[in-house]
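Here's the structure, in structure tokens; my notes come after.
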Amino acid sequence: MQYIAMKTNDIRTNLATEQYLMNSDKIQLPFMLFYIEKPCIIVGRNQNTMEEINDQYCKEHHITITRRLSGGGAMYQDLGNLCFSFIVPANDQQFGNFKDLVKPVVDALHEMGVTGAQVTGRNDIVVDGKKFSGNAMYTKNGRTFSHGTLMFDVNTEHVADALKVPKDKIESKGIKSVRSRVTNIKQYLKPEYQNLDTFGFRDELIKKIWHVDTLEEAQKYEYQLTEADKQAIQQIQHERYDNWDWVYGQSPKFTVKKRKHFTGGTIDARFDVEEGRIKNLKIYGDFFGVKSVDEIEKMLIGKEYNASVIRNTLAQVNLDAYFHGIPANDVLDLIAEQH
């Protein structure tokens, strides 16, 4: 079995690499990928991105947002998380059977001390009833691709805050994530592995899966990306994983209600969002203004449902003319921000 240990920590490059290798005739199957990411959230293919993330928190903490090709729920990852992927012939893998596919990983974890690790439910790996791995799968052109996470030493506070949408009331038909109790597995490892960082943990896992004593022995099975490979991967990243239309525009239609009472009156804004853009907007309330809010509504219809886009659009007008007595920043905080 061949493998590749990605050298980049950008989720978008790594997902593009997965997609490229999934369709490449250069690799021998079965094939594994390992990668470690800077803080990011990856939403499932059928999810509403804005319904899954705390947009303001993610911006403030420089958390990258992207969408993957497979289904399932949103996942937070950072440098304390190890991702692994399998590419296998579709005929050799029953779709949805994660237990058999991830067995080499689970066996390696058992050997490293996480003896209670087991696959449970639809696609999780747990220990002591707590989830430390989620997995997703898709099939195309005779190949099945499965990727999973291993929470080694993840900042669990970020997991809760980044994946929580606290204020906006959003209703859609997007597939919602099911939040589970989660844990890191570092504490379950044998003493000799307790001082590893995520990269060292990855290397030890590779040695266990390939049944070798040194990483050098395993590296003879490692696939080396060529310059042509890297150029093709970069193009995929640009066209898909960096693309706003893919990450947000692919979201199912949804509605948002934003309502708040101010000293100068109450504002109640109702958004219809489709393909990531504001399709319809109606602003209600008992506020006063010398101009009609119809003008505000028309300005925003067709725009991306994105805080900076809405702010930049509304910055062009005197908001006091529409919402007299309500500070402009308060209006912007209500209408523009996704928090």
Side-chain angles (χ1 to χ4, degrees), residues 5-19 33-45 47-69 72-83 132 134 136 147 149-168 170 177 179 182 184 186 197-199 201-202 233-234 236-251 256 273 276 303-313 315 329 332-339:
M6 294 296 297
K7 295 177 175 58
T8 173
N9 303 133
D10 189 323
I11 179 61
R12 296 162 297 190
T13 306
N14 292 334
L15 288 177
T17 303
E18 285 186 351
Q19 183 179 338
L33 298 91
F34 299 90
Y35 47 93
I36 299 165
E37 258 90 54
K38 292 180 292 187
C40 61
I41 292 175
I42 311 97
V43 299
R45 177 158 192 162
Q47 291 191 296
N48 172 0
T49 302
M50 294 309 304
E51 195 171 11
E52 294 297 323
I53 67 171
N54 183 333
D55 187 63
Q56 184 66 21
Y57 183 91
C58 291
K59 285 185 172 70
E60 291 172 354
H61 292 82
H62 308 290
I63 297 171
T64 299
I65 311 298
T66 194
R67 182 189 299 275
R68 62 180 182 271
L69 290 171
M75 297 183 292
Y76 171 85
Q77 298 174 14
D78 62 21
L79 293 171
N81 182 85
L82 172 64
C83 281
F132 65 85
H147 41 195
T149 58
L150 288 175
M151 291 178 62
F152 175 70
D153 194 16
V154 173
N155 185 325
T156 53
E157 290 184 6
H158 282 333
V159 176
D161 292 334
L163 291 174
K164 180 174 66 176
V165 186
K167 288 187 178 179
D168 286 357
I170 299 179
S177 295
R179 309 296 178 212
V182 298
N184 286 308
K186 186 174 183 178
D197 62 10
T198 313
F199 297 90
F201 170 65
R202 174 200 63 196
I233 289 166
Q234 187 176 31
I236 293 171
Q237 178 178 342
H238 173 71
E239 292 177 353
R240 174 156 283 168
Y241 301 104
D242 285 337
N243 188 330
W244 183 93
D245 282 326
W246 169 251
V247 180
Y248 293 94
Q250 293 289 321
S251 294
V256 184
V273 183
K303 301 288 186 183
E304 295 175 7
Y305 183 69
N306 174 280
S308 59
V309 170
I310 296 173
R311 278 186 174 273
N312 291 338
T313 302
N329 283 338
L332 289 173
D333 285 344
L334 177 66
I335 295 178
E337 298 299 337
Q338 282 94 52
H339 68 81

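Start at 1 with the first residue, then count along the sequence. Small disclaimer: the values here were computed from a predicted structure and weren't measured.
- Judged purely by distance below 3.5 Å, without hydrogens or angles, the side chains of N306 and S308 pair a donor atom with an acceptor atom.
- With salt bridges taken as basic N to acidic carboxylate O contacts below 4.0 Å, none links R202 and D197.
- Side chain of H238 to main chain of Q234: no donor-acceptor pair is present (N/O by atom type, distance under 3.5 Å, no hydrogens or angles).
- Under the 3.5 Å distance criterion, the side-chain polar atoms of N14 are left unmatched by any main-chain donor or acceptor of Y35.
- Within the 3.5 Å criterion, the main-chain N or O of P39 finds no donor-acceptor partner in the side chain of Q77.
- Taking the side chain as every heavy atom from C-beta outward, W244 and E304 approach each other to under 4.5 Å.
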- Stepwise side-chain contact (heavy atoms from CB on, under 4.5 Å) test for V182 and F132: CA-CA 6 Å; V182 298; F132 65 85; over 6 Å; no

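- Across all non-hydrogen atoms, the minimal contact from A162 to C58 is O-SG, 3.9 Å.
- Atom CD1 of I65 is separated from atom OG1 of T49 by 8.0 Å, given to the nearest 0.5 angstrom.
- We find the CD1-OG1 distance between I335 and T313 to be 11.5 Å, quoted to the nearest 0.5 Å.
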- Starting from the C-alpha separation in whole Å, work towards a yes-or-no answer on side-chain contact (heavy atoms from CB on, under 4.5 Å) for L79 and I36. CA-CA 6 Å; L79 293 171; I36 299 165; 4.0 Å; yes

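- One finds the CG atom of L15 at 9.5 Å from the CE atom of M6 (value rounded to the nearest 0.5 Å).
- Inter-residue side-chain proximity for L82 and F199 is flagged as unmet; no heavy-atom pair is nearer than 4.5 Å.
- At distances below 3.5 Å, not a single donor-acceptor pair connects side-chain atoms of T149 with backbone N or O atoms of C83.
- Going from atom CG of L33 over to atom NE2 of H147 covers 10.5 Å, rounded to the nearest 0.5 Å.
- Counting heavy atoms from C-beta outward, I41 and I63 have side chains that approach closer than 4.5 Å.
- Between F152 and F201, the ring planes are parallel. Angles under 30° get that label, and only those over 60° would be called perpendicular.
- Of the possible polar contacts, one joining the R67 side chain to the G44 backbone as a donor-acceptor pair under 3.5 Å is found.
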- Task: Give the intermediate values and the outcome of side-chain contact (heavy atoms from CB on, under 4.5 Å) for residues L69 and R240.
- Result: CA-CA 10 Å; L69 290 171; R240 174 156 283 168; 3.0 Å; yes

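- Residues R311 and D333 have side chains in contact (heavy-atom distance under 4.5 Å, counting atoms from C-beta outward).
- Among Q19, R12, R68, the one residue that satisfies the side-chain hydrogen bond (donor to acceptor under 3.5 Å, both in side chains) test with Y241 is Q19.
- Taking the side chain as every heavy atom from C-beta outward, Y248 and D55 approach each other to under 4.5 Å.
- Panel note: side chain T8, backbone T13; no donor-acceptor pair is recorded below 3.5 Å.
- Side-chain N or O atoms of T66 include none that pairs as donor or acceptor with a backbone N or O of I42 at under 3.5 Å.
- Side-chain contact of N81 with E37: a donor-acceptor pair under 3.5 Å is absent, judged by distance alone.
- If you take NE2 on H61 and CG on D161, they are separated by 7.5 Å, rounding to the nearest 0.5 Å.
- W246 places no side-chain N or O within donor-acceptor distance of the main-chain N or O of E239, the cut-off being under 3.5 Å.
- With hydrogens and angles disregarded, a donor-acceptor distance shorter than 3.5 Å links the side chain of N184 to the backbone of V154.
- A distance of 9.5 Å separates OG1 in T156 from CG in D153, rounded to the nearest 0.5 Å.
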